[in-house]
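Beneath this line is the structure, given in structure tokens, with notes to follow.
Below, read A as the first sequence line, B as the second, and so on, with proteins coming before strands; counting in each chain starts at 1.
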Number of protein chains: 2
Amino acid sequence: MELKEAKEKFIAAWGAFGTQWGINRTMAQIHALLLISEEPLSSEEIMNQLNISRGNVNMNVRELLSWGIVHKVLKLGERKEFFTAEKDIYKTAIQIMKERRKRELVPVLDLLADLEEVQIENDASGHFKMVMSEIYSFGQNTNKMLDKMVKADEHWFTGSLMKFLVKR
Amino acid sequence: MELKEAKEKFIAAWGAFGTQWGINRTMAQIHALLLISEEPLSSEEIMNQLNISRGNVNMNVRELLSWGIVHKVLKLGERKEFFTAEKDIYKTAIQIMKERRKRELVPVLDLLADLEEVQIENDASGHFKMVMSEIYSFGQNTNKMLDKMVKADEHWFTGSLMKFLVKR
DNA sequence: TTAAACTTTCAGAAAATTTTGAAAGTTTAA
DNA sequence: TTAAACTTTCAAAATTTTCTGAAAGTTTAA
């Protein structure tokens, strides 16, 4: 396989997977492109390589920055901003966990805490409370687990946690 | 808070979260409704409670069945099919992990295995191969980890794994 | 059989999301 | 200053996803 062909395959596939993972195609493609680009790229270069508009690049790069998996790079003597993806895949994974925890898990826990205040009126509300409290306690455990993972040193994944999980 | 109000809040919220989790609103709402319904519900009842069409119910219930987190229930002496959600939230979580592993992780690993076959032509392809192999090895580790989780007894989450993750 | 009860399908409509590109805004060099 | 280089915004257009509901298909009881 040629390098160019392989790169194109990777970008296309990462984009398609992205939509399954709940992020949009272009955002995933930009991420893929930056991952395989050794040097940081400018908006212009991203536009050209992926054949997308300036606005689209701007919007999705900002989103990737907000996820903390793409960084802004300033080159000496250049006006333009350049962008590069975090190349350490473990750091990237941790960063994504962190963000998803914040954006998705925490709001669910807040909701469940609220809903547990429902009055027990009859058997039906007994069932409801039980479901809420099961989900809540599961969510709290997951939350704690993610917290440990995120706070652990950056090589937790290859360290004792990974050994515990994989080797036993 | 009234039970009815709390139920509506839960269904609405679960639906909204669902879209963030990468599944569609209605599918998540049906799941929420079935979770808090003590008795299995028919398509008719789901239609009425969520104000959605017959086709929509059929499609999304089938999807939930294919995820293995909703089950078909036949009542003696009834023609209709009824549906109920898996109430054990740990089982549900494991089932979702299993499916996501199959649908999302395995295809990525297959792709990466392919792409690692790219020829080393120059420094640029060296970088590409390195990124591919890092992602591949991360994916394999994740895969093994999920495999252990899925194969562990159904209370892994509250058992030694959870203790290891949370208590240390 | 047959017809009522129920489930599935799917083309078109509706809704939601994503993308474009031109205009407005900002920064910097001279 | 100012004007070129660059970034951001956002309304409208394009695309994708989801939903509807009527028609077709299937199952069951009698």
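- With contacts defined as side-chain heavy-atom distances shorter than 4.5 Å, the pair B/Leu74/B/Glu81 qualifies.
- In this structure, of C/dC6, D/dC6, C/dT18, it is C/dT18 that holds the atom nearest to the side chain of A/Asn24.
- One atom, CZ of A/Arg79, and another, C1' of D/dT8, lie 15 Å apart when rounded to the nearest Å.
- We find that CD of B/Glu78 is positioned 15 Å from C1' of D/dT27, with the value rounded to whole Å.
- By the 30° and 60° cut-offs, the orientation of the rings of A/Trp21 relative to A/Trp14 is perpendicular.
- Side chains of A/Arg103 and B/Phe17 form no contact here, defined as non-hydrogen atoms less than 4.5 Å apart.
- Within residues 40-58 of chain A, the residues approaching DNA chain D are A/Arg54, A/Gly55, A/Asn58, by heavy-atom distance under 4.0 Å.
- If you check the side chains of A/Asp147 and A/Asn143, you find no donor sitting under 3.5 Å from an acceptor.
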Might you work through the side-chain contact (heavy atoms from CB on, under 4.5 Å) test for B/Lys4 and B/Glu8, ending with a clear yes or no? CA-CA 6 Å; B/Lys4 194 171 168 242; B/Glu8 278 166 10; 3.7 Å; yes
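- Spacing between atom CD of B/Glu81 and atom P of C/dT8 amounts to 6 Å, rounded to whole angstrom units.
- Using a 4.0 Å heavy-atom distance criterion, A/Met59 is classed as a base contact.
- Atom CG in B/Leu76 sits about 11 Å away from atom P in D/dA29, given to the nearest Å.
- A/Glu63 has its CD atom 15 Å from the C1' atom of C/dT19, to the nearest Å.
- If you check every strand for non-hydrogen atoms under 4.0 Å, B/Thr26 touches sugar and phosphate atoms only.
- The separation between B/Asn60 atom CG and C/dT7 atom P is 16 Å, rounded to whole Å.
- Looking only at atom types and distance, the side chain of B/Ser42 has a donor-acceptor partner in the side chain of B/Glu45 under 3.5 Å away.
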Paired and unpaired positions of DNA chain D as dot-bracket, Watson-Crick or G-U wobble under 3.5 Å, | denoting a partner strand: ||||||||||||||||||||||||||||||
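- Tested against A/Ile46, the residues A/Thr26, A/Val57, A/Asn56, A/Asn58 include a single side chain to side chain contact (heavy atoms under 4.5 Å, CB included) partner, A/Val57.
- Whole-Å rounding puts the A/Leu65 CG to D/dT8 C1' distance at 13 Å.
- Residues forming a salt bridge (Lys or Arg N to Asp or Glu O under 4.0 Å) with B/Glu134 (at least two apart in sequence, or on another chain): none.
- Applying the side chain to side chain contact (heavy atoms under 4.5 Å, CB included) test between A/Phe83 and each of A/Leu64, A/Leu65, A/Ile30 identifies A/Leu65 as the sole match.
- Separating the CD1 atom of B/Ile30 from the C1' atom of D/dC19 is a distance of 11 Å, rounded to the nearest angstrom.
- Residue whose closest nucleotide on DNA chain D sits further toward the 5' end, between A/Phe82 and A/Thr19: A/Phe82.
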